[in-house]
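Below is one structure, written out as structure tokens; the observations come after it.
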Amino acid sequence: MIRVLLVHDACLVRSALAEWLRREPDLGVFDTPWHTAPGRLRAVRPDVCAADLDCSDAYGIPPLGELSVREPDRSPPRLLVMASANRPGLLKRAVEAGALGYVDKEGAAPERLARGIRRVAEGKRFVDDSLGFGFLQAAEMPLTRRELSVLSLAAEGASIAEIAGSLCLSHGTVRNYMAAITRKTGARNRIDAIRISQGQGWL
């Protein structure tokens, strides 16, 4: 039996997916929104975390690192993400978090999710071909993971002080990141950098 923790903030979608997956005799499925995922992870101790990359909390930044916490007597669960090709910034985050599975949530049938879970549980990579262009865009992104985190918070209206507090940085460091972001995106200012990045699907 493969123990699966399904992480999705849309309650209706999460419930429907969990119910469908529970019909598979080899899958033991538990579900949770992002904000309770760390606690459920410790309680369920899943083999695979299947997580939607859209997160309504934490300024929209999916805390993927919280799904890969190591316990003294157990390896962390393997990670599969449900993603969109038009959000290369989130794909890049998933790659950096060590995700093995990538399912296109815009076009894949539920059977693809079940197949991906099984492959990832075996330690094998699973990638929907339709996400290929998104991965190409992710590879060409000029912004680092930390710069994306800073810009994501700024896009949600966070101040320099709020960004610094959230990411445990000094105010000066945040300003330096914003200056680098503005330069790399060819923007005129912070607002323009956010607009350009959103248009490219980096945020």
Side-chain angles (χ1 to χ4, degrees), residues 7-9 34-35 37-38 41 49-70 76-106 120 125-128 130-203:
V7 183
H8 203 302
D9 274 347
W34 270 106
H35 74 275
L41 189 74
C49 279
D52 179 57
L53 285 183
D54 285 317
C55 175
S56 62
D57 292 331
Y59 297 98
I61 302 171
L64 292 168
E66 295 181 3
L67 301 182
S68 302
V69 177
R70 289 185 176 275
R78 295 186 171 106
L79 178 61
L80 175 147
V81 297
M82 292 169 278
S84 298
N86 62 1
R87 300 291 303 278
L90 293 180
L91 280 173
K92 185 172 185 176
R93 287 181 184 276
V95 171
E96 291 171 345
L100 279 178
Y102 300 83
V103 174
D104 184 356
K105 67 178 184 178
E106 303 294 338
V120 168
R125 188 168 296 279
F126 181 90
V127 182
D128 272 334
S130 52
L131 294 175
F133 184 63
F135 280 109
L136 286 175
Q137 289 181 304
E140 295 171 355
M141 285 175 56
L143 304 181
T144 66
R145 179 178 59 83
R146 181 62 88 179
E147 288 165 350
L148 282 171
S149 295
V150 169
L151 192 60
S152 295
L153 293 171
E156 294 291 335
S159 66
I160 294 293
E162 289 170 333
I163 295 171
S166 178
L167 298 179
C168 300
L169 301 171
S170 70
H171 293 194
T173 300
V174 173
R175 291 191 182 93
N176 288 340
Y177 276 127
M178 287 305 308
I181 291 165
T182 302
R183 183 182 70 256
K184 287 182 177 182
T185 57
R188 296 185 300 275
N189 51 42
R190 172 167 131 166
I191 301 301
D192 196 31
I194 292 169
R195 179 188 60 79
I196 291 169
S197 298
Q198 288 176 333
Q200 293 291 332
W202 299 342
L203 296 180

[X] side chain to [Y] main-chain N or O, any donor-acceptor pair under 3.5 Å?
X: Trp34; Y: Asp52; result: yes
X: Ser84; Y: Arg87; result: no
X: Asp128; Y: Asp104; result: yes
X: Ser166; Y: Glu162; result: no

Rounded distance [0.5 Å steps], [atom1] in [X] versus [atom2] in [Y]:
X: Ile163; Y: Leu169; atom1: CD1; atom2: CG; result: 9.5 Å
X: Arg78; Y: Leu67; atom1: CZ; atom2: CG; result: 15.0 Å
X: Asn176; Y: Ser170; atom1: CG; atom2: OG; result: 7.5 Å
X: Thr185; Y: Leu151; atom1: OG1; atom2: CG; result: 7.5 Å
X: Lys184; Y: Met141; atom1: NZ; atom2: CE; result: 10.0 Å
X: Glu96; Y: Leu64; atom1: CD; atom2: CG; result: 10.0 Å

Over all atoms of both residues, closest heavy-atom pair of [X] and [Y]:
X: Leu80; Y: Val120; value: CD1-CG2, 4.1 Å
X: Tyr102; Y: Ala99; value: OH-O, 3.0 Å
X: Glu147; Y: Leu143; value: OE1-CA, 3.3 Å
X: Leu91; Y: Gly134; value: CD1-C, 3.6 Å
X: Ala97; Y: Leu79; value: CB-CD2, 4.3 Å
X: Ala85; Y: Leu131; value: N-CD2, 3.5 Å

Return all side-chain donor-acceptor pairs below 3.5 angstrom for residues 190-199, not counting sequence neighbours, or 'none' if the list is empty.
| residue | atom | partner | partner atom | Å |
| --- | --- | --- | --- | --- |
| Arg190 | NH2 | Ala158 | O | 3.1 |
| Asp192 | OD1 | Arg195 | NE | 3.0 |
| Asp192 | OD1 | Arg195 | NH2 | 2.5 |
| Asp192 | OD2 | Arg188 | N | 3.0 |
| Ser197 | OG | Ala193 | O | 2.9 |

### Message
Show me the pairs that pass ring-ring contact (aromatic ring centres under 6.0 Å, His included) and involve residues 171-203, at least two apart or across chains.
### Response
none
### Message
For the CZ atom on Arg146, are there more than 12 heavy atoms of other groups (residues, nucleotides or ligands in this structure) within a distance under 6.0 Å?
### Response
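Atom CZ in Arg146 is packed in, count exceeds 12.
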### Task
Taking the side chain as every heavy atom from C-beta outward, state whether Pro88 and Gln200 have any pair of such atoms under 4.5 Å apart.
no
